[in-house]
A.B. asks: 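If you scroll down you'll find the structure; I have some questions about it.
A note on names: the letters A, B, ... follow the listed sequences, proteins ahead of strands, and every chain is numbered from 1.
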Number of protein chains: 2
Amino acid sequence: MRIPIRVSLDHPEPLYHQIKTQLRALIMSGQLEQGMLLPSIRELANDLSCSVITIRRVYQDLENEGLLKTRQGTGTFVAHIEQDEKEKHKLEAVIRAMEEAIKIARQHQYDDEEIQKLFIQCLSKRERED
Amino acid sequence: MRIPIRVSLDHPEPLYHQIKTQLRALIMSGQLEQGMLLPSIRELANDLSCSVITIRRVYQDLENEGLLKTRQGTGTFVAHIEQDEKEKHKLEAVIRAMEEAIKIARQHQYDDEEIQKLFIQCLSKRERED
DNA sequence: TATACTGTATATATCTATATACACAGTATA
DNA sequence: TATACTGTGTATATAGATATATACAGTATA
């Protein structure tokens, strides 16, 4: 299976962090099921055009968080996570992102009415992913 | 004058980039007027509990963008920027932040209706800044 | 038991952030 | 008008984080 992760190099956020955040989202949202075998570090590194070491760091970090199980020579698997924990993570991640957007809008002196209007515009013009 | 900039160390975004983005917002939103003398690099570094070099990099980067003018021995000043350019930057920055939030919400399998509802909730519960 | 796949460890380059020492501009005052 | 002082930005050297290539070790299986 091909993992739908997108990274951007001109982003200020470190590469390993972008990948880690997106992979965590895929697991916590249930798009990757418990027990599933992930692509090998080499395969994913090749997909994302980055180094094997970067992917390894991501897998290792997520294993330390309890989201993955890795066995040398065999591969890396999605661990079991309680449904409660998944729901909690999802909501927190989304709210954090929204509060960040609101913070930036307010920094630019937009008032709440304008912010809401702009957001609904952004939401309705759905762009395609290629 | 004290510049209202907030940084967080546990953020994945580099320090100089956080500061640069916020200072740019203050200039582009008109909160810092043309010709205004900014705090010295030492003063701002002390305010934000970071190194003088980090602030220097921010001032230098923004000077290269044409937002600041700096004179050795004298200080760093806000440059003149066309109103059109300011408006353009403001809108782009805010829309970028909102699209990022929407992207994350969709990654977590929220549908547009839920996203809008959550956003309005976040917007209405205005938290105080200390 | 080859061999081709997994993850792992070591060494190197670049980016981020810092401390320290230096050079330039303005101002008070002897 | 010298001169000392305080403020400004600037340059060099160092430590840590991030990303890489390359070589190493464990596991499955033909």
Side-chain angles (χ1 to χ4, degrees), chain A residues 1-3 5-24 27 32 35-79, chain B residues 1-3 5-24 27 32 35-79:
Chain A
M1 176 194 178
R2 207 158 169 291
I3 304 289
I5 287 179
R6 292 304 177 97
V7 296
S8 84
L9 293 174
D10 48 49
H11 218 274
E13 189 185 357
L15 195 50
Y16 82 91
H17 201 275
Q18 292 182 46
I19 300 170
K20 185 161 67 174
T21 303
Q22 289 182 50
L23 186 51
R24 198 192 286 116
I27 295 169
L32 302 181
M36 174 183 166
L37 175 61
L38 293 183
S40 76
I41 56 178
R42 274 170 251 267
E43 193 180 345
L44 188 51
N46 191 61
D47 263 23
L48 303 180
S49 303
C50 75
S51 155
V52 168
I53 313 296
T54 302
I55 303 299
R56 168 149 154 63
R57 171 163 183 187
V58 170
Y59 280 9
Q60 198 165 266
D61 284 5
L62 291 180
E63 175 161 29
N64 289 337
E65 290 182 24
L67 304 198
L68 298 179
K69 285 291 175 191
T70 160
R71 286 204 304 269
Q72 180 166 356
T74 308
T76 300
F77 303 84
V78 177
Chain B
M1 178 195 177
R2 205 161 171 292
I3 304 291
I5 288 178
R6 292 302 176 98
V7 295
S8 84
L9 293 175
D10 48 50
H11 217 277
E13 188 185 356
L15 194 52
Y16 82 89
H17 200 275
Q18 292 182 44
I19 300 170
K20 186 161 67 176
T21 303
Q22 289 183 48
L23 186 52
R24 199 191 285 115
I27 295 170
L32 303 181
M36 174 182 164
L37 175 62
L38 291 184
S40 75
I41 56 178
R42 274 171 251 267
E43 191 180 347
L44 188 51
N46 190 61
D47 263 22
L48 303 180
S49 303
C50 74
S51 153
V52 167
I53 314 296
T54 301
I55 303 300
R56 170 153 153 59
R57 171 162 182 189
V58 170
Y59 279 8
Q60 196 166 269
D61 284 5
L62 291 180
E63 175 162 29
N64 289 338
E65 291 183 23
L67 304 198
L68 298 178
K69 284 292 176 190
T70 159
R71 285 205 304 267
Q72 181 165 353
T74 307
T76 301
F77 304 82
V78 177

A.B. asks: Can you tell me how far P of D:dA17 sits from OH of A:Tyr16, to the nearest Å?
C.D. replies: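 About 10 Å, once rounded to whole Å.
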
A.B. asks: Residues in side chain to side chain donor-acceptor pair (under 3.5 Å) with B:Gln60, at least two apart?
C.D. replies: B:Arg56

A.B. asks: Show me the donor-acceptor pairs, under 3.5 Å and distance only, between side chains in residues 9-16 of chain A and residues at least two apart or in other chains.
C.D. replies:
unit_1, atom_1, unit_2, atom_2, d
A:Glu13, OE2, A:His17, ND1, 2.8
A:Tyr16, OH, A:Arg57, NH2, 3.1

A.B. asks: Within this structure, what is the CD-to-C1' distance between A:Glu13 and D:dT18, rounded to whole angstrom?
C.D. replies: 13 Å

A.B. asks: Check nucleotides 26-29 of chain D against the protein and report each pair of N or O atoms closer than 3.5 Å, with its distance, or say if there are none.
C.D. replies:
unit_1, atom_1, unit_2, atom_2, d
D:dG26, O4', A:Gln72, NE2, 3.1

A.B. asks: Using whole Å, report how far CZ of A:Arg42 lies from P of D:dA19.
C.D. replies: 19 Å

A.B. asks: Rounded to the Å, how far apart are A:Ile41 CD1 and C:dT6 P?
C.D. replies: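 About 9 Å, once rounded to whole Å.
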
A.B. asks: Could you tell me the separation between the CD1 atom of B:Ile41 and the CD1 atom of B:Ile53, rounded to the nearest 0.5 Å?
C.D. replies: 7.0 Å

A.B. asks: Look up atom CZ in A:Arg6 and atom CD1 in A:Ile19, then write down how far apart they are to the nearest 0.5 Å.
C.D. replies: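 It comes to 13.0 Å.
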
A.B. asks: For the atom pair OH (B:Tyr59) and CZ (B:Phe77), what is the distance rounded to the nearest 0.5 Å?
C.D. replies: 11.0 Å

A.B. asks: Show the atom names and distances, to 0.1 Å, of all donor-acceptor pairs under 3.5 Å that link a side chain in residues 65-72 of chain A to residues at least two apart or in another chain.
C.D. replies:
unit_1, atom_1, unit_2, atom_2, d
A:Glu65, OE1, A:Arg24, NE, 3.0
A:Glu65, OE2, A:Arg24, NH2, 2.8

A.B. asks: Return no unless some side-chain N or O of B:Ser40 is found under 4.0 Å from OP1 or OP2 of D:dG7.
C.D. replies: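 Answer is no, no contact under 4.0 Å.
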
A.B. asks: Would you give the length of the straight line joining atom OG1 of B:Thr76 to atom CD of B:Glu63, rounded to the nearest 0.5 angstrom?
C.D. replies: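 Atom-to-atom, B:Thr76:OG1 and B:Glu63:CD are 7.5 Å apart.
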
A.B. asks: Expected output check: what is the dot-bracket annotation of DNA chain D, where ( ) and [ ] are pairs inside the strand (brackets for crossing ones), | is paired with another strand, and pairs are Watson-Crick or G-U under 3.5 Å?
C.D. replies: ||||||||||||||||||||||||||||||

A.B. asks: Nearest-Å distance, CG (A:Asn46) to C1' (D:dA21)?
C.D. replies: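 Answer to the nearest Å: 15 Å.
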
A.B. asks: Given atom CD of A:Glu43 and atom P of C:dA4, what is their separation to the nearest angstrom?
C.D. replies: 18 Å

A.B. asks: Do A:Ile3 and A:Leu32 make a side-chain contact, defined as non-hydrogen atoms from C-beta onward lying under 4.5 Å apart?
C.D. replies: yes

A.B. asks: Report yes if some heavy atom in the side chain of A:Leu62 is under 4.5 Å from a heavy atom in the side chain of A:Leu23; otherwise report no.
C.D. replies: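 They are in contact (side-chain heavy atoms under 4.5 Å apart), so the answer is yes.
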
A.B. asks: Step by step, work out the side chain to side chain contact (heavy atoms under 4.5 Å, CB included) result for A:Leu44 and A:Leu38.
C.D. replies: CA-CA 9 Å; A:Leu44 188 51; A:Leu38 293 183; over 6 Å; no

A.B. asks: Mind running a 4.0 Å heavy-atom check of residues 51-69 of chain A against DNA chain D and sending the residues that fall below it, in number order?
C.D. replies: A:Ser51, A:Ile53, A:Thr54, A:Arg57

A.B. asks: Check whether any side-chain nitrogen or oxygen of B:Thr76 sits under 4.0 Å from OP1 or OP2 of D:dT8, and answer yes or no.
C.D. replies: no

A.B. asks: Return the value, rounded to whole Å, for the distance between atom CG of A:Leu9 and atom C1' of D:dT18.
C.D. replies: 13 Å

A.B. asks: Please state how far atom NE2 in B:His11 lies from atom C1' in C:dA17, giving the value in whole angstrom units.
C.D. replies: 18 Å

